[in-house]
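First up is the structure itself, then whatever we jot down about it.
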Amino acid sequence: MGFKEDVTKLKEEYKQSWEYKIPKFNVFTTLRKEHDEVYLHSRFISNLLDPNGLHELGLHGVQELLHIIESQFEIQHPKVTPDYENWTEDNNIDILIEGLVKDGKDSAIIIENKIFAADSNHDDRGQLQGYYQFLRKEKKYEPQQIEIYYLTLDRHKPSKESLGKGHENLEQLSLEDETHNREKTVRLIDYTMIIKWLDKLLSHAENEDVKYAIRQYRELIVKLTGDVRLHTELTNYVEKYDNLTLSEIKDVIGEDKLKHVYWHMLDRFFREIQEGLGDLVRDRPDRPIYEVITDIVHNNKHVHDLYIELANHWRLQFDEHKGDNDFPKGFFLCQYNETGWEKLDESKYINKSPKYDFWDFTKGDTFDLLNEQKRKGIAHYYAEFVKQELNKFNTK
């Protein structure tokens, strides 16, 4: 089969996502961005889980979810944080369910919700490791009384650093493995399970306002999940046929889908750079890099904050400003000092890479990043260059 035939098959498999447009009015997307993890998804899911919520679902929220995710815990007196009265997270945990029991002992569930954001790791501990440590040390739960779930659109894995890093006395976590029990184990779940859960709640709901809200949220999740899977598969096909020209790809999938492919290409590229940098990477909670990529690709904005945050007040900055050859000047290492962010020795970094224009993928070699081998090679180059340069400063 060729590229056109593969895309035709993909259109049929994801027909709803290929053609479907979310209604012009959706109460959730009028208030928040559709990928807002904290203030949209986690908050609404947590509210439906709260037995004391105004939805009048009682224990059904927790009961149905425990069944769907195949938890080993039973309900005792469930307490969900955040709840409908207090929107504050407990130790930054997206959703925490306590008041559960196993073998007669108090138990708890952590749900970490990731739409597009990367893990928020720290110098001395990973994100999930830190949550686990909080339940162990501060709340006195035993390892077998803790379950951790990593909720994503596509069931991707958390970073290695999120599972464990830092001091030797910090317990490290592993990914789900059916060959042993769930102690110190992170289990992967996805939003198709949330859709099943919402369907169960619709069968229990009696209030028409609650039913309408659940249906609207379900509609958003179906679209978001389908879109991500469709465009991920589409990007995989474009990578597979890496000898195609930009115009050939556009003729088959259209300009709109081409932008989605480019978004996923950039997302993969920057994730690969961050994976190569490992412990050096720091979180950008106020402006995640996927939001920057969205503004560049879908909103046609000439943003100036395309950078990867690094340890000890360093950044790997990608410049949007054009040089003499009408391409962005390149990438820079920047350090924060008393006068603000300062680029270090621009001559060292300018034009160190092929002619990539992240703000216009039709120019130069930018779209060649869809070639997985080339993309991973240049991502590796960036990561190694940064590590070598920072090592020079650390050894001075």
>> Rounded to the nearest 0.5 Å, what separates atom CG in Leu173 from atom NZ in Lys160?
In response: 15.0 Å
> Can you check whether His156's main-chain N or O pairs, donor with acceptor, with Asp154's side chain at less than 3.5 Å?
Replying inline: yes
> If you round to the nearest 0.5 Å, how far is CZ of Arg375 from CD1 of Ile273?
Replying inline: 10.5 Å
> Just wondering, do Asn312 and Leu390 contact through their side chains at under 4.5 Å, heavy atoms?
Replying inline: no
>> Could you report the tightest heavy-atom contact between Trp197 and Ile45, atom names first, then the distance?
In response: CH2-O, 3.7 Å
Quick one: side chains of residues 303-311, donor-acceptor pairs under 3.5 Å with protein atoms, not counting sequence neighbours, listed by atom name and distance.
{"unit_1": "Asp305", "atom_1": "OD2", "unit_2": "Arg287", "atom_2": "NE", "d": "2.8"}
{"unit_1": "Tyr307", "atom_1": "OH", "unit_2": "Arg315", "atom_2": "NH2", "d": "3.1"}
{"unit_1": "Glu309", "atom_1": "OE1", "unit_2": "Arg315", "atom_2": "NE", "d": "3.0"}

>> Could you report the tightest heavy-atom contact between Asp106 and Gln145, atom names first, then the distance?
In response: O-CB, 3.2 Å
> Under a single-linkage rule joining Ile, Leu, Val, Met, Phe, Trp and Tyr whose side-chain heavy atoms are separated by less than 4.5 Å, which residues share a cluster with Val38?
Replying inline: Tyr39
> How close do Leu49 and Val62 get, heavy atom to heavy atom, and via which atoms?
Replying inline: O-CG2, 3.2 Å
>> To check you understand the geometry: which heavy-atom pair defines the closest contact between Leu96 and Glu98, and what is its length?
In response: CD2-OE1, 3.6 Å
> Should Glu12 and Lys9 be marked as a salt bridge (Lys or Arg N to Asp or Glu O under 4.0 Å) after you check the CA-CA gap, both sets of side-chain angles, and the distance that decides it?
Replying inline: CA-CA 5 Å; Glu12 295 172 357; Lys9 183 180 177 182; over 6 Å; no
> When you measure from the side chain of Thr366 to the backbone N and O of Lys363, does any donor-acceptor pair fall under 3.5 Å?
Replying inline: yes
> So which pairs with a foot in residues 76-96 pass salt bridge (charged side-chain N to carboxylate O under 4.0 Å, His left out), sequence neighbours left out?
Replying inline: Asp90-Lys139
>> Between the side chains of Glu147 and Lys102, is the shortest nitrogen-to-carboxylate-oxygen separation below 4.0 Å, so that they form an ion pair?
In response: no
> Are the side chain of His298 and the backbone of Thr294 linked by a donor-acceptor contact shorter than 3.5 Å?
Replying inline: no
>> Show, in sequence, the C-alpha distance, side-chain angles and deciding distance for Leu224 and Tyr191, and conclude whether the side-chain contact (heavy atoms from CB on, under 4.5 Å) test is met.
In response: CA-CA 9 Å; Leu224 190 58; Tyr191 268 86; over 6 Å; no
>> For the CH2 atom of Trp341 and the CZ atom of Phe332, what is their distance to the nearest 0.5 Å?
In response: 15.0 Å
> How are the rings of Phe367 and Phe361 set to each other: parallel, tilted or perpendicular (split at 30° and 60°)?
Replying inline: tilted
>> If you define the side chain from C-beta out and look only at heavy atoms, does anything of Glu171 sit under 4.5 Å from Gln129?
In response: no
>> Walk me through whether Thr225 and Ile194 qualify under side-chain contact (heavy atoms from CB on, under 4.5 Å).
In response: CA-CA 11 Å; Thr225 303; Ile194 297 299; over 6 Å; no
>> Please say yes or no: joined through hydrophobic side-chain contacts below 4.5 Å, possibly via intermediate residues, are Leu198 and Ile189 part of one cluster?
In response: yes
> Can you find a heavy atom in the side chain of Ile95 that is under 4.5 Å from one in the side chain of Asn113?
Replying inline: no
>> For the backbone of Ser162 and the side chain of Asp119, can you confirm whether one donor and one acceptor N or O come within less than 3.5 Å of each other?
In response: no
> Please walk me through it: do Trp18 and Val7 pass side-chain contact (heavy atoms from CB on, under 4.5 Å)?
Replying inline: CA-CA 11 Å; Trp18 193 282; Val7 171; 4.0 Å; yes
> Counting distance only, does the side-chain N/O of Tyr262 pair as donor-acceptor with the main-chain N or O of Phe358 below 3.5 Å?
Replying inline: yes
>> Quick check on the 6.0 Å ring-centre criterion: do Phe385 and Phe331 meet it?
In response: yes
>> Any heavy-atom pair between the side chains of Arg155 and Met193 that's under 4.5 Å?
In response: yes
> Same hydrophobic cluster for Leu277 and Tyr336, using side-chain heavy-atom links shorter than 4.5 Å among ILVMFWY?
Replying inline: no
>> For Glu272 and Tyr382, which I'm curious about, is there any donor-acceptor pair between the side chains at under 3.5 Å?
In response: no
> Hey, is the main chain of Leu40 close enough, under 3.5 Å, to the side chain of Tyr217 for a donor-acceptor pair?
Replying inline: no
>> According to salt bridge (charged side-chain N to carboxylate O under 4.0 Å, His left out), does anything in residues 200-212 pair up with another residue at least two apart or in another chain? List the pairs.
In response: Glu208-Lys211
> Under 3.5 Å, side chain of His55 to main-chain N/O of Asp50, donor-acceptor pair present?
Replying inline: yes
> With side chains defined as the heavy atoms from C-beta onward, is the minimum distance between Thr81 and Asn86 less than 4.5 Å?
Replying inline: no
> If two hydrophobic side chains count as joined below 4.5 Å and joins carry through other members, does Phe73 share a cluster with Val101?
Replying inline: no
>> Ignoring hydrogens, what is the shortest heavy-atom contact between Trp359 and Lys301? Give both atom names and the distance.
In response: CD1-O, 3.8 Å
>> What's the separation between atom CG in Leu234 and atom CG in Asp227, rounded to the nearest 0.5 Å?
In response: 11.5 Å
>> Running the 4.5 Å side-chain criterion over Ile, Leu, Val, Met, Phe, Trp and Tyr, what cluster does Tyr84 land in, apart from itself?
In response: Leu54
> When you measure from the side chain of Asn26 to the backbone N and O of Gln216, does any donor-acceptor pair fall under 3.5 Å?
Replying inline: yes
> What distance separates Asn371 CG from Tyr241 OH, expressed to the nearest 0.5 Å?
Replying inline: 15.0 Å
>> How long is the straight-line distance from CD of Gln127 back to CG of Asp283, given to the nearest 0.5 Å?
In response: 7.5 Å
>> Listing request: all ring pair (Phe, Tyr, Trp, His ring centres under 6.0 Å) pairs with a residue in residues 271-296, at least two apart in sequence or in separate chains.
In response: His35-Tyr290, Phe116-Tyr290
> With a 4.5 Å heavy-atom cut-off, do Ile296 and Val292 have their side chains touching?
Replying inline: yes
> Just by distance, do the side chain of Lys387 and the backbone of Gly276 share a donor-acceptor pair under 3.5 Å?
Replying inline: yes
> Is it true that Asp199 and Arg218 have a side-chain N and a carboxylate O under 4.0 angstrom from each other?
Replying inline: yes
>> Is there a path of hydrophobic side-chain contacts, each under 4.5 Å between heavy atoms, that joins Leu57 and Leu202?
In response: yes
> In terms of hydrophobic clustering (I, L, V, M, F, W, Y; side-chain heavy atoms under 4.5 Å; direct or indirect links), are Trp87 and Val27 co-clustered?
Replying inline: no
> With a 4.5 Å limit on heavy-atom distance, are the side chains of Ile75 and Leu100 in contact?
Replying inline: yes
>> Test your reading of the model: is there a side-chain donor-acceptor pair from His260 to the backbone of Thr232, 3.5 Å cut-off?
In response: no
> Between Leu10 and Leu230, is any pair of side-chain heavy atoms under 4.5 Å apart?
Replying inline: yes
> If you take all heavy atoms of Leu153 and Asp190, which pair is closest and at what distance?
Replying inline: O-CB, 4.0 Å
>> Applying side-chain contact (heavy atoms from CB on, under 4.5 Å) to Leu65 and Ile109, what does each step give before you reach the verdict?
In response: CA-CA 11 Å; Leu65 185 68; Ile109 285 176; over 6 Å; no
